[in-house]
Amino acid sequence: MERESVKFRCERDVLVEGLTTAGRAASSRGGVSQVLAGVHLSLHGDQLTITGTDMELTIGVEITVSGKADGAIVVPAKLAADIVKSLEPGAVTVDGDRIQARIISGRSEFAVQLIPAEEFPQITAPEGEAVVISGSDLSDGLRQVVPSASTDDSRVVLTGVLITAEGSGVRLVATDSYRLAVRDLPGTTLLEQGRHVLVPARALQEIGRLLSPEDELTMVFGERDASFVTHGVRLLTRLIDGTYPEAVRLIPDEQPNRMLVGRSTLIDAVRRVRLMARESTPIRLKMSSEGLELAAVTQDVGQAHESLDCDYRGDEIMVAFNPEFLLTGLEVTTGDEVTIESTNSLKPVLLRSGEDPDFLYLLMPVRVS
């Protein structure tokens, strides 16, 4: 058993990053065990491991420090990060015993009451075959898909991202029932054929934060848990147990109306027009051979209109969208131009890029009078 004391020196910025990263897994909910609002600091030689967990998500960060006394302590996650972040640049000394930790830098000194280290839960990594992939294969896919997962805990399965083995690669799927994002990763082998896993979007959001295209990511998918390891950070998460809806079936085979428009031009226009879209007011897109017209009208506030040039083929149509959902779809679609394919004002609309055939974004329209 580790001693409940620790002493080390570390550069402020390195320690801040470690505390902040691990602290994102610490619980911020009131009424939970105090120890879950803390981060566990374990020192062996010059290797410090900082771990935070809320029992659903665990993040452990390894950093190199100048170790003085091995042991382990648990400090309040947010308070410790805020204190270290407030210090002047340079070396920081952390000296903790069973009762408190002294955080010292220059003329600044803080004494923080500790949480008993023996109360911190022991988290075990899942067993299974490790798979190593490059960050470039996954980071863009996570950026495109994760934002479409639901944040409503009353429908837990929709708060996850479905990862399935598809042909010679994998498919990432997320939906909140108002929009659907699908990204195929051809040639990427994560799972054996026929298997699928439902990973909490919160965990994959953290992986997306940590991962750069130059990194390698090692993954293990167990029966109930998954682990992800990259450049000194280990993330463990419980998998979601449940049946994911067959949302991909909503993707239409054909859409008779097709608009091609500059992506950055449309993003800028949506951002301007949505300034008048208050209290769930939708943005209306009128598409015709004469061009694209955007409009938002909010009673007692005002209205905004903007017209854009576009290449349009099909019937004249007016479709209304939640402006945030539309903007998200445009931002995660790549390329200079985006196509918007539609059937009528009530059917789902497809956003695609000609430069990225492996991604699509399906958006449900808003019914307006």
Side-chain angles (χ1 to χ4, degrees), residues 144-150 152 155 157-158 161-162 164 166 171-184 243-263 265-267 269-270 273-274 277 280-297 305-335 337-369:
Q144 291 177 312
V145 169
V146 168
S148 292
S150 176
D152 183 359
R155 302 186 68 187
V157 293
L158 297 187
V161 172
L162 183 68
T164 62
E166 293 282 337
R171 170 171 285 177
L172 311 178
V173 179
T175 183
D176 58 5
S177 72
Y178 301 103
R179 54 196 168 154
L180 168 71
V182 180
R183 172 65 190 263
D184 289 325
T243 302
Y244 202 75
E246 296 185 17
V248 174
R249 288 189 174 183
L250 294 173
I251 301 171
D253 295 327
E254 293 183 1
Q255 300 276 67
N257 306 312
R258 184 178 184 274
M259 179 180 71
L260 180 66
V261 64
R263 189 175 71 92
T265 301
L266 181 54
I267 287 174
V270 171
V273 173
R274 74 166 173 168
S280 71
T281 301
I283 284 185
R284 305 177 189 219
L285 274 63
K286 181 181 177 183
M287 296 174 277
S288 70
S289 58
E290 297 180 359
L292 170 64
E293 295 183 12
L294 295 87
V297 180
H305 298 266
E306 185 161 342
S307 59
L308 300 177
D309 293 330
C310 68
D311 180 0
Y312 184 74
R313 297 177 185 177
D315 300 327
E316 181 176 308
I317 185 175
M318 193 282 291
V319 190
F321 299 109
N322 175 307
E324 301 305 322
F325 291 173
L326 174 59
L327 193 57
T328 296
L330 293 170
E331 289 173 340
V332 300
T333 302
T334 59
E337 294 180 314
V338 62
T339 62
I340 298 180
E341 302 172 16
S342 59
T343 301
N344 57 47
S345 61
L346 299 179
K347 293 289 181 68
V349 168
L350 273 178
L351 275 66
R352 305 180 193 255
S353 167
E355 299 176 25
D356 187 5
D358 296 320
F359 174 72
L360 63 84
Y361 186 87
L362 186 77
L363 182 57
M364 296 296 295
V366 177
R367 188 185 295 269
V368 293
S369 58

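All heavy atoms count here, side chains included; hydrogens, waters and symmetry mates do not.
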Run the numbers on Leu294 and Leu308 for side-chain contact (heavy atoms from CB on, under 4.5 Å), then give the verdict. CA-CA 8 Å; Leu294 295 87; Leu308 300 177; 3.9 Å; yes
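- Between the side chains of Ser353 and Glu355, no donor-acceptor pair is found at a separation under 3.5 Å.
- Heavy-atom neighbours of Asn344 CG from other residues, nucleotides or ligands within 6.0 Å: above the threshold of 12.
- Side-chain contact of Gln255 with Thr343: a donor-acceptor pair under 3.5 Å is present, judged by distance alone.
- Rounded to the nearest 0.5 Å, atoms OG (Ser289) and CD (Glu316) are 7.5 Å apart.
- No side-chain donor-acceptor contact under 3.5 Å links Arg183 to the backbone of Gln144.
- Formation of a donor-acceptor pair under 3.5 Å by the Asp184 side chain with backbone atoms of Asp358 is not found in this model.
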Arg284 and Glu293: CA distance, side-chain angles, deciding distance, salt bridge (Lys or Arg N to Asp or Glu O under 4.0 Å) verdict: CA-CA 8 Å; Arg284 305 177 189 219; Glu293 295 183 12; over 6 Å; no
Test side-chain hydrogen bond (donor to acceptor under 3.5 Å, both in side chains) on Ser288 and Glu290; report intermediate values, then the result. CA-CA 5 Å; Ser288 70; Glu290 297 180 359; 4.8 Å; no
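- In terms of modelled atom types and a separation under 3.5 Å, the side chain of Arg263 and the main chain of Leu330 share a donor-acceptor contact.
- Taken to the nearest 0.5 Å, the CE atom of Met287 stands 5.0 Å off from the CD1 atom of Ile317.
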Check the pair Asn322, Tyr178 against side-chain contact (heavy atoms from CB on, under 4.5 Å), reporting the backbone distance first and the verdict last. CA-CA 9 Å; Asn322 175 307; Tyr178 301 103; over 6 Å; no
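- The two residues Pro147 and Thr328 have their closest heavy-atom pair at CB-CG2, 3.9 Å.
- Nearest heavy atom pair, residue Ser177 against residue Thr175, reads N-OG1, 3.0 Å.
- Tyr244 OH: more than 12 foreign heavy atoms inside a 6.0 Å radius.
- Taking CG of Asn257 as the reference point, atom OG1 of Thr339 lies at 12.5 Å (rounded to 0.5 Å).
- Rounding to the nearest 0.5 Å gives a distance of 12.0 Å between CZ of Arg179 and CG of Leu362.
- Between the CG atom of Leu346 and the CZ atom of Arg367 there is a distance of 5.0 Å, given to the nearest 0.5 Å.
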List the steps, then state whether side-chain contact (heavy atoms from CB on, under 4.5 Å) holds for Leu285 with Val349. CA-CA 12 Å; Leu285 274 63; Val349 168; over 6 Å; no
Residues Asp152, Asp176; criterion side-chain contact (heavy atoms from CB on, under 4.5 Å); working and verdict: CA-CA 8 Å; Asp152 183 359; Asp176 58 5; over 6 Å; no
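- Considering CG of Asp311 and CG of Leu292, their distance stands at 12.0 Å, rounded to 0.5 Å.
- Judged by distance alone, with hydrogens and angles left aside, the side-chain atoms of Arg352 form no donor-acceptor pair with the main-chain N or O of Glu341 at under 3.5 Å.
- The shortest heavy-atom contact between Phe321 and Met364 is CD2-O, 4.0 Å.
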